[in-house]
Amino acid sequence: AKCYLGEGPCWVPEAGKLLWVDIHAGDVHTFDPYDSSDSKINMGGCVSFALPSSDRASLVCAVRRSLVLVDAASGVVRERIIDVEEGLEDNRFNDGKCDPAGHLIAGTMDDT
């Protein structure tokens, strides 16, 4: 798939698919290596990472300075989890991954 800035690959073994994001386009991609299909959900803003939630029906996505819970099938935001670094308007999430225990570790950056 063509993209502006592809990052944040996350293999989802239960689904046999690869999640990745096109940061500046605001797209969360799901790539299926078995049939080479690539579907996407547009988050309406800069998206830095997408990770499967514990229920596997949702994604935890970083959109600018917010973490949101998104329905993986429809792309509908179910819940805003947290907004970070209020007052630092030029900052955004940069990257995030889960440790083996499932704890999210994420960093931010100045996007100017």
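Here the structure is a predicted model, which means the values were calculated and not measured.
- Within the structure, ring-ring contact (aromatic ring centres under 6.0 Å, His included) contacts touching residues 45-72 (residues at least two apart or in different chains) are F49-F93.
- Residues that satisfy the salt bridge (Lys or Arg N to Asp or Glu O under 4.0 Å) test with E79, not counting sequence neighbours, are absent from this structure.
- The distance from the NE2 atom of H29 to the SG atom of C3 is 6.5 Å, given to the nearest 0.5 Å.
- Applying the salt bridge (Lys or Arg N to Asp or Glu O under 4.0 Å) rule to K17 yields no partners; only residues at least two apart in sequence or on another chain are considered.
- A search for salt bridge (Lys or Arg N to Asp or Glu O under 4.0 Å) contacts involving E89 returns R65, not counting sequence neighbours.
- To the nearest 0.5 Å, atom CZ of residue F31 and atom OG of residue S36 are 4.5 Å apart.
- D55 meets the side-chain contact (heavy atoms from CB on, under 4.5 Å) test with S53, A57, S58, R78; sequence neighbours excluded.
- Residues satisfying the side chain to side chain donor-acceptor pair (under 3.5 Å) test with D83, not counting sequence neighbours, are S66, R80.
- Contacts of S54 classified as side-chain contact (heavy atoms from CB on, under 4.5 Å), with partners at least two apart in sequence or in another chain: none.
- With a 4.5 Å cut-off between side-chain heavy atoms of Ile, Leu, Val, Met, Phe, Trp and Tyr, the cluster of V63 takes in L5, V12, L19, V21, I23, V28, I41, M43, V47, L59, V68, V70, V77.
- Residues in residues 66-91 take part in no ring-ring contact (aromatic ring centres under 6.0 Å, His included) pair, two or more places apart or across chains.
- Nearest heavy-atom pair, R92 versus S48, reported as atom, atom and distance to 0.1 Å: NH1-OG, 3.1 Å.
- Going from atom CG of L18 over to atom SG of C10 covers 7.5 Å, rounded to the nearest 0.5 Å.
- A single hydrophobic cluster is seen to contain both V60 and I82, as judged by linkage of ILVMFWY side chains at heavy-atom distances under 4.5 Å, directly or through other members.
- Residue Y34 shares its hydrophobic cluster (ILVMFWY side chains chained together at separations under 4.5 Å) with no other residue.
- Under the rule for a salt bridge (Lys or Arg N to Asp or Glu O under 4.0 Å), the partners of D27 that lie at least two apart in sequence or sit in another chain are K40.
- Under a hydrophobic-cluster definition in which Ile, Leu, Val, Met, Phe, Trp and Tyr are linked whenever side-chain heavy atoms come within less than 4.5 Å, directly or via other members, L51 and L67 are assigned to the same cluster.
- Taken to the nearest 0.5 Å, the SG atom of C46 stands 6.0 Å off from the NE2 atom of H24.
- Under the 4.5 Å side-chain criterion, counting only non-hydrogen atoms from C-beta, T108 is not in contact with L88.
- For residues 1-11, there are no side chain to side chain donor-acceptor pair (under 3.5 Å) pairs, not counting sequence neighbours.
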